[in-house]
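Small disclaimer: the values here were computed from a predicted structure and weren't measured. By convention here, the first residue in the shown sequence is residue 1.
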Amino acid sequence: MEQYVKYLRKSRFDRDYAELSIEETLKRHEAILDKMAKEKGYCIAKTYYEVVSGESIAARPEIQKMLEEVSAGLYAGVLVVDLERLARGNGADQAYISQVFQFSGTKIITPMKIYDPSNEFDEEYFEFGLFMSRREYKTINRRLVRGRDSSASEGKYIGSIAPYGYQRSKIEQEKGYTLVIDPQEGPVIQKIFEMYLAHNGTKVIANYLNDHEIPTRHGELWTYSTISQILSNPVYMGKIRRGWSKQIKSIENGTVVRRVKRSKDMNSYNLYEGLHPPLVSEKDFMRVQDMRIDRRPATRVKGEYELRNPFAGLLYCSVCGQRIGRTTMSAKRDKRVRLRCVNGRNCHNKSADFDLVESEIISALRTWLQGYKIKLDTVGYQDDIREAQLQIDRMDQELSRLSAQMDNAFNLVEQGVYTLQVFQERREKLNRAIESCQMKKARLVRIKDKLENSQEVDATLVPQAEELLASYEEMTNSERNEILKEILNSIKYYKGADGKIVIDLYPKLPEIG
């Protein structure tokens, strides 16, 4: 029996369901697709629920999974309420989706029309539909930006989450929101500004709040950067800022990368008088900005950056999982170089001299390489490959059994043995079991592929490790770091009260088990 899949996503531009939650909207859309599937006799193998708001494929994990399965030819068709659910992103996304459906021969089924990619006219109609969807998206997006600008100029708060110290409040008898002071958080904001004006730095303020067990909104520890962000936010003097945070797009290795750039200069974005009450006076807020500028170190012209830590991006704390950073002691301590957990104030993992840690890491790497080469020369991965294949065969048998049960369920509902409610419950249960089985099989296939390709991995992994160990003293830190990142995923560091250093290496080996 041919298998079909449902894809459900709420667009933030839905007009008909604007007042409904994501869950309620998806439930209504699913009812439409279920009715269509019942009338047409489609066997629904899986349902994808997309709950993120991103328009591009990169921001939507569920459609990525679905397109991967569609590309493999697992389904005869995909059911969606309309074309725009699939793609409203850029032209590259739309072209990719069009090719996936065309090459796999998978139909796109909507309540209004069935698009067959093998049909030349349907292909053109589909591509034109995606183009019009993208055009509408851009038009609505421009309108939305203008509306947000207008609301900000009226002093309304346009963010979905209130900044710490405030609560979001609906404005009575008109559209939009403003802010009201949170009785617990508001005094904390005032204390932060008060301490900074008394010449306490962000580090002292963060430590004070943590020592007095004053939690952040989500119960985490205060950090220096969080304090700095609060001190620079004009919302606390009763203003609304607009245009201070911008998304910058660039292409890296053929992929569109989005980064958020936030302006530190208040003259570079728009400030409006807010409807909400301030937590600090404008005079005090501006005094804080002047103090921050005075404390900011002078910009130095640097030459080419020289990496000092060969373990940068690899070394992590075994206790709390935070990064292990390199630091230089004061002149009184002979400017010794040490490694310590960046969460040192709250983590009891002790620091150690850089040279000692470096020696332990190289020793651990040499021990691992020796044992790894012995394994390759003796047993290899043949037992692991056979075990993976046995488990894949078991998954195939289980999928065949579940598929037969699904066919039987359809027969029973057609014969009137199952009521519609019993059938739907049975179908959902089988769908979940099939999805779980498919995921397990896909994972096993990936494991088997990696094990079978381990020879290719070994051909580079072993020589790189040998090269590093043989030439470590002659290499620059950048060269060491580059090769270490080719060999290892991460390094875990621990030093207890007894002074013993424990190093755990996580090499880039084929995934086993």
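A salt bridge links Lys46 with Glu69: at least one charged nitrogen is closer than 4.0 Å to a carboxylate oxygen. Ion pairing between a basic and an acidic side chain is recognised when a charged N comes within 4.0 Å of a carboxylate O; Asp290 and Arg287 show no such pairing. The pair Glu360-Lys495 does not count as a salt bridge, with every side-chain nitrogen at least 4.0 angstrom from each carboxylate oxygen. Salt bridge annotation for Lys65-Glu62: present, with a cationic side-chain nitrogen under 4.0 angstrom from a carboxylate oxygen.
Side-chain contact check for Thr216 versus Leu221: every heavy-atom pair is 4.5 Å or farther apart. Side chains of Val342 and Ile324 form no contact here, defined as non-hydrogen atoms less than 4.5 Å apart. In this structure, Lys6 and Asp34 have side chains that are in contact, with non-hydrogen atoms separated by less than 4.5 Å. At a threshold of 4.5 Å between non-hydrogen side-chain atoms, the residues Asn349 and Cys320 do not count as touching. In this structure, the side chains of Tyr493 and Leu339 stay at 4.5 Å or more apart for every pair of heavy atoms. Gln438 is listed as a side-chain neighbour of Ile434, based on a closest heavy-atom distance under 4.5 Å. Proximity of Lys156 to Ile240: side-chain heavy atoms (C-beta onward) are nowhere separated by under 4.5 Å. Inter-residue side-chain proximity for Asp504 and Ile491 is flagged as unmet; no heavy-atom pair is nearer than 4.5 Å.
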*Would you check, one step at a time, whether the test side chain to side chain contact (heavy atoms under 4.5 Å, CB included) holds for His276 with Tyr157?*
CA-CA 8 Å; His276 62 282; Tyr157 184 74; 5.8 Å; no

As a quick check of understanding, evaluate side chain to side chain contact (heavy atoms under 4.5 Å, CB included) for Leu197 and Met291, giving each step before the final call. CA-CA 8 Å; Leu197 287 168; Met291 291 172 65; 3.9 Å; yes

- Could you check Glu194 against Val280 for side chain to side chain contact (heavy atoms under 4.5 Å, CB included), going step by step and ending with a plain yes or no? CA-CA 9 Å; Glu194 177 187 325; Val280 296; over 6 Å; no

With side chain to side chain contact (heavy atoms under 4.5 Å, CB included) as the test, would you mind laying out the steps for Ile501 and Ile503 before giving the verdict?
CA-CA 7 Å; Ile501 297 173; Ile503 296 295; 4.1 Å; yes

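Here Leu79 contributes atom CG and Ile109 contributes atom CD1; the two are 4.5 Å apart, rounded to the nearest 0.5 Å. A distance of 12.0 Å separates CE in Met66 from CG in Leu74, rounded to the nearest 0.5 Å. Between the CG atom of Leu356 and the CD1 atom of Ile361 there is a distance of 11.0 Å, given to the nearest 0.5 Å. Of the inter-residue distances, the one linking Leu231 atom CG with Thr226 atom OG1 reads 11.0 Å to the nearest 0.5 angstrom. The distance from the CG atom of Asp284 to the CZ atom of Phe193 is 9.0 Å, given to the nearest 0.5 Å. The distance from atom CG of Leu365 to atom CG of Leu488, rounded to the nearest 0.5 Å, is 6.0 Å.
Judged as a side chain to side chain contact (heavy atoms under 4.5 Å, CB included), and not counting sequence neighbours, the contacts of Ala162 are Tyr166, Arg168, Leu179.
For Lys170, the NZ atom counts as densely surrounded, since its 6.0 Å shell holds more than 12 non-hydrogen atoms of other residues, nucleotides or ligands. The 12-atom threshold is not exceeded at CD of Glu68, counting heavy atoms of other residues, nucleotides or ligands nearer than 6.0 Å. Around CD of Glu482, the count of heavy atoms belonging to other residues, nucleotides or ligands within 6.0 Å does not exceed 12.
Residues Glu282 and Tyr236 have side chains that never bring a donor and an acceptor to within less than 3.5 angstrom of each other. Counted by atom type alone, Ser225 and Ser228 present zero donor-acceptor pairs between their side chains at under 3.5 Å. For Arg338 and Thr327, the side-chain atoms include no donor-acceptor pair closer than 3.5 Å. A side-chain N or O of Glu30 and one of Tyr49 form a donor-acceptor pair less than 3.5 Å apart.
Scanning both residues, Val235 and Pro163, for their nearest heavy atoms gives CG1-CG, 4.0 Å. Between Gln184 and Asp182, the closest heavy-atom pair is N-OD1, 2.9 Å. Pro310 and Arg480 make their closest contact through CB-CB, 3.9 Å (heavy atoms, listed as atom of the first residue, atom of the second, distance). Here the closest non-hydrogen pair linking Leu271 and Pro234 is CD2-CG, 3.6 Å. Residue Ser478 comes nearest to Leu307 through the heavy atom pair OG-CB, 3.6 Å, listed as atom of the first residue, atom of the second, then distance.
A distance-only check finds a donor-acceptor pair linking the side chain of Asn431 to the backbone of Ile44 [under 3.5 Å]. Between the Asn477 side chain and the Arg308 main chain, a donor and an acceptor come within less than 3.5 Å of each other. Checking side-chain atoms of Asp353 against main-chain N and O of Asp355 turns up no donor-acceptor pair under 3.5 Å. Looking only at distances, no side-chain donor or acceptor of Gln289 sits under 3.5 Å from a matching main-chain atom of Ser232. Not one N or O on the side chain of Asn270 forms a donor-acceptor pair closer than 3.5 Å with the backbone of Arg241. A donor-acceptor pair is defined here as one N or O able to donate and one able to accept, closer than 3.5 Å; such a pair exists between the side chain of Asn481 and the backbone of Ala312. Not a single donor-acceptor pair under 3.5 Å links the side chain of Glu273 to the backbone N or O of Glu154. Not one N or O on the side chain of Lys492 forms a donor-acceptor pair closer than 3.5 Å with the backbone of Tyr316. Between the side chain of Lys350 and the main chain of Arg340, no donor-acceptor pair closer than 3.5 Å is present.
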Using distance only, find each side-chain donor-acceptor pair of residues 198-213 under 3.5 Å and give its atom names and separation, not counting sequence neighbours.
unit_1, atom_1, unit_2, atom_2, d
Asn200, ND2, Met195, O, 3.0
Asn207, OD1, Arg345, NE, 3.2
Asn207, ND2, Lys203, O, 3.3
Asn210, OD1, Trp222, N, 2.8
Asn210, ND2, Ala206, O, 3.1
Asn210, ND2, Trp222, O, 3.1
Asp211, OD1, Arg345, NH2, 3.0
Asp211, OD2, Arg345, NH2, 2.5
His212, ND1, Tyr208, O, 2.9

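Annotation: salt bridge (Lys or Arg N to Asp or Glu O under 4.0 Å) contacts involving residues 215-236, sequence neighbours excluded, comprise Glu185-Arg217.
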